[in-house]
**Student:** 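After the structure tokens below, expect a handful of questions from me.
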Amino acid sequence: MTLPPIALTCGEPAGVGPEIAARAWETLGARLPFFYIGDPRHLPAGTPVVEIHAPADALHACASGLPVLRHDFPADNTWGQPDAANAPGVVEVIARAVKLVQEGQASAVCTLPINKHVLQSGAGFAYPGHTEYLAALGGVDRVVMMLASPELRVVPTTIHIALDQVAAELTPELLEETIWITHRALIQDFGVESPRIAVAGLNPHAGENGAMGRQELDMIIPLMDKLRAEGLAIAGPMSADTMFHPAARARYDAAVCMYHDQALIPIKTLAFDSGVNVTLGLPFIRTSPDHGTAFDIAGKGIANPASTIAALEMARDMAIARAGAKT
Amino acid sequence: MTHQKPRIAIIPGDPSGIGPELIAKLLNEPGVTEAADIVLVGDQHVWNQGARQADLPVPLNEIAETDLPTQSGLSWLPIDTLPAEDVRIAQVTVAGGTCSLRCLDKALDLASAGLVDGVLFGPFNKAALTAAGLNAEDEHRYMARYLGFTGYHSEINVLDDLMTTRVTSHIGLKDVAERITPDAVNKAIKLAAATLHRAGKERPHIAVAALNPHAGDNGKFGREEIDILEPVVKAAQEKQIHVTGPWPSDTVFLKAKRGEVDAVVTMYHDQGQIAIKLMGFERGVTVAGGLPIPVATPAHGTAFDIAGQNVANVGATLQAFHLLVRMAANHRATRASA
């Protein structure tokens, strides 16, 4: 079967997104059909644009150029200098991509980076970030962030909070939801029939029987016992420092971590360029590169498309897995 | 002419584990017995056990303590810490812990007396040490107390050319933030600088890791970077220490991978240990940072699951040896010029 193409949103046009889209097409071409949603004027001069009228046209257009589903923005683009006038367009493009994937015209959404502050001032954007906006569009309350590379998948349970808030924010409910969403996504989107999840401890040496923190004894272990009784294959709580070397990684399909850097240190140290951000728990597939708008280098032709290429490839693989899971 | 090579003491670690086998393998690695004068400190049967386990020769050239000032080559200083029949391979025993501690005491005595310039130990077993009367949180605190050293000291983790020091170590994560004080961070920076100097780095680059995700993102997820780490780094720079940061901890180790930094000052145990063990699980070395005597050991444990099977990897022990030799040579030179 032929899957619909992947929708790639333009993100903040003054950032590195447009040039990365063009570079990703140079690499992927007809091998991985995707289409860019945005204003063709914002792409770097010389980009071989093929304007399409419906997403399905991208399937053949991608052989001759970057397929672009035109979304007109009011203002031109200056690299590195975001124009508030274009902010509403950035938000509309995301909504348009979600609509297309929900209608089945796109198989997944891959998002290029936005700048929250520009969207707040220019479009009254009220969400803390990209992911929360996508959750609202998808009609779900709770999503989970996964960072994935060919060697490792990690899921931080708490994310963008100060380290001294982690212990307080880490509740059994939050951890339970995170593990379940991860489990379901591994089956549905990653083609893992019987997912094995490793759960990190919060404290050094996973607390060493309460000698260095009690969250493992009081919360994580009882929750894991309950989840095992419900049929999940979960191991831990593991000492975080010994769960990421190659032999340890071979024993699980995803690692659920307790805080941001516990998850991000191993994946970035292993795979800085090829790490992909995946949002689990949405009714559709969403991936994104693991970097920001990089205004300082936008338009200079030096932005690295590796993470976006990896994000598109992962979205394609997830779409194939999801299509297979349905049949 | 004075003797230029450092002289180091090597002890086997817990005889129940892979320590004796590893030291036997180490002594048979190319260049090892040429790099330093070596004094094996331990029971005859434990060294023989290591030789048998590794199926390699461990020559025991007996020497008396009074001969140590002129010792050269590879020698053995006898000590009786446990009868051969009390060795239980792959078991936690009081006798194994006692052997570990008595050998360590002896090696530290030799170093305190200036008879050796550094100490290398095979892996200890924490439970055995505790059962044998360690009476301290870990062997680092034990050694400091034994040496009567009251200054700042802390475990340093080393992988190849990268060192990490920790501002906090074996405490619950929720207690970390309150212990990130200017004084504590400053001490960890200075310890990294001093240990790198001792290891022969002339002008090391020390990177300070941030505490919070994205280094706090300008105060949005925690203010320790702004309130504590940035001022401490700036003050250290003014004292001509080549220190930078605070860097987001998820990318600071990439700088280390690229060889841009010699040490990372981490804020908590897993911040450094995740990266170090990920990058080289079998090569990591632990240095007893801050002690008056250079002491190093492989970072891994006694590995009871493979003890006595002649499959233990000597990589970390070899790395520990070469690092210790560099530190011991500088220690010797410093003492000679003092």
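Below, chains carry the letters A, B, ... as their sequence lines are ordered, and counting in each starts from 1.
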**Student:** Go through the atoms of A:I161 and report whether side chain, backbone, both or neither lie under 4.5 Å from a heavy atom of chain B.
**Tutor:**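 When you check distances to chain B, only backbone atoms of A:I161 fall under 4.5 Å.
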**Student:** Side chain, backbone, both or neither: which part of B:K126 has an atom under 4.5 Å from a heavy atom of chain A?
**Tutor:**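 For B:K126, the side chain is the part near chain A, not the backbone.
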**Student:** Evaluate the ring planes of A:H160 and A:H260, with Trp represented by its six-membered ring, and classify them as parallel (under 30°), tilted (30 to 60°) or perpendicular (over 60°).
**Tutor:**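 Answer is tilted, since the angle falls between 30° and 60°.
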**Student:** Just say parallel, tilted or perpendicular for the rings of B:H170 and B:H269, cut-offs at 30° and 60°.
**Tutor:** tilted
**Student:** Select one option (side chain, backbone, both, neither) describing which atoms of B:M267 are under 4.5 Å from chain A's heavy atoms.
**Tutor:**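 Contact with chain A is absent: no heavy atom of B:M267 under 4.5 Å.
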**Student:** Which residue out of B:H214, B:K220, B:M279 racks up the most heavy-atom pairs below 4.5 Å with chain A?
**Tutor:** B:H214
**Student:** Does the salt bridge (charged side-chain N to carboxylate O under 4.0 Å, His left out) test come out yes or no for B:D160 and B:R283, once each step is laid out?
**Tutor:** CA-CA 7 Å; B:D160 304 330; B:R283 299 194 310 280; 2.7 Å; yes
**Student:** Does any heavy atom of chain B fall under 4.5 Å from the side chain of A:Q215, the backbone, both, or neither of them?
**Tutor:**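 Contact with chain B involves the side chain of A:Q215 alone.
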**Student:** Can a donor-acceptor pair be found, under 3.5 Å and without considering hydrogens, that links the side chain of A:E216 to the backbone of A:N203?
**Tutor:**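 Looks like yes, one N/O pair under 3.5 Å.
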**Student:** Does A:E151 form a salt bridge (charged side-chain N to carboxylate O under 4.0 Å, His left out) with A:R249? I'd like the steps, not just the answer.
**Tutor:** CA-CA 8 Å; A:E151 296 101 342; A:R249 295 201 301 271; 5.9 Å; no
**Student:** Should A:R153 and A:T182 be marked as a side chain to side chain donor-acceptor pair (under 3.5 Å) after you check the CA-CA gap, both sets of side-chain angles, and the distance that decides it?
**Tutor:** CA-CA 10 Å; A:R153 300 184 189 106; A:T182 304; over 6 Å; no
**Student:** Pick one of side chain, backbone, both or neither for A:I159, based on which atoms fall under 4.5 Å of a heavy atom in chain B.
**Tutor:**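 Contact with chain B involves the backbone of A:I159 alone.
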**Student:** How about B:E224 and B:E230: do any of their side-chain heavy atoms sit closer than 4.5 Å?
**Tutor:**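 No, too far: nothing below the 4.5 Å cut-off.
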**Student:** Of the backbone (N, CA, C, O) and the side chain (C-beta and beyond), which part of B:Q271 lies under 4.5 Å from a heavy atom of chain A, both, or neither?
**Tutor:**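 Its backbone and side chain both get close to chain A.
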**Student:** Looking only at heavy atoms and a cut-off of under 4.5 Å, which of A:T242, A:I267, A:L264 has the most pairs with chain B?
**Tutor:** A:L264
**Student:** Is it the backbone or the side chain of B:L211 that comes under 4.5 Å from a heavy atom of chain A, or both, or neither?
**Tutor:**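 Looking at B:L211, backbone and side chain both touch chain A.
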**Student:** Would you mind telling me which of B:K174, B:E178, B:K277 has the largest number of heavy-atom pairs within less than 4.5 Å of chain A?
**Tutor:**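 Option with the top pair count is B:K277.
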**Student:** Pick from B:N212, B:L278, B:T251: which one has the most heavy-atom pairs with chain A under 4.5 Å?
**Tutor:**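 Most heavy-atom pairs within the cutoff with chain A belong to B:L278.
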**Student:** Please classify the contact between B:S249 and chain A as side chain, backbone, both or neither, with a heavy-atom cut-off of under 4.5 Å.
**Tutor:** both
**Student:** Mark yes or no for whether B:T165, through its side chain, and B:V265, through its backbone, hold a donor-acceptor pair below 3.5 Å.
**Tutor:**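 No: the side chain of B:T165 does not pair with the backbone of B:V265.
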**Student:** Please look at B:K257 and chain A and tell me whether the side chain, the backbone, both or neither of the residue comes under 4.5 angstrom of a heavy atom of that chain.
**Tutor:** side chain
**Student:** Closer than 3.5 angstrom, by distance alone: can the side chain of B:Q319 be matched with the main-chain N or O of B:L159 as a donor-acceptor pair?
**Tutor:**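 No, B:Q319 side chain to B:L159 backbone: no donor-acceptor pair under 3.5 Å.
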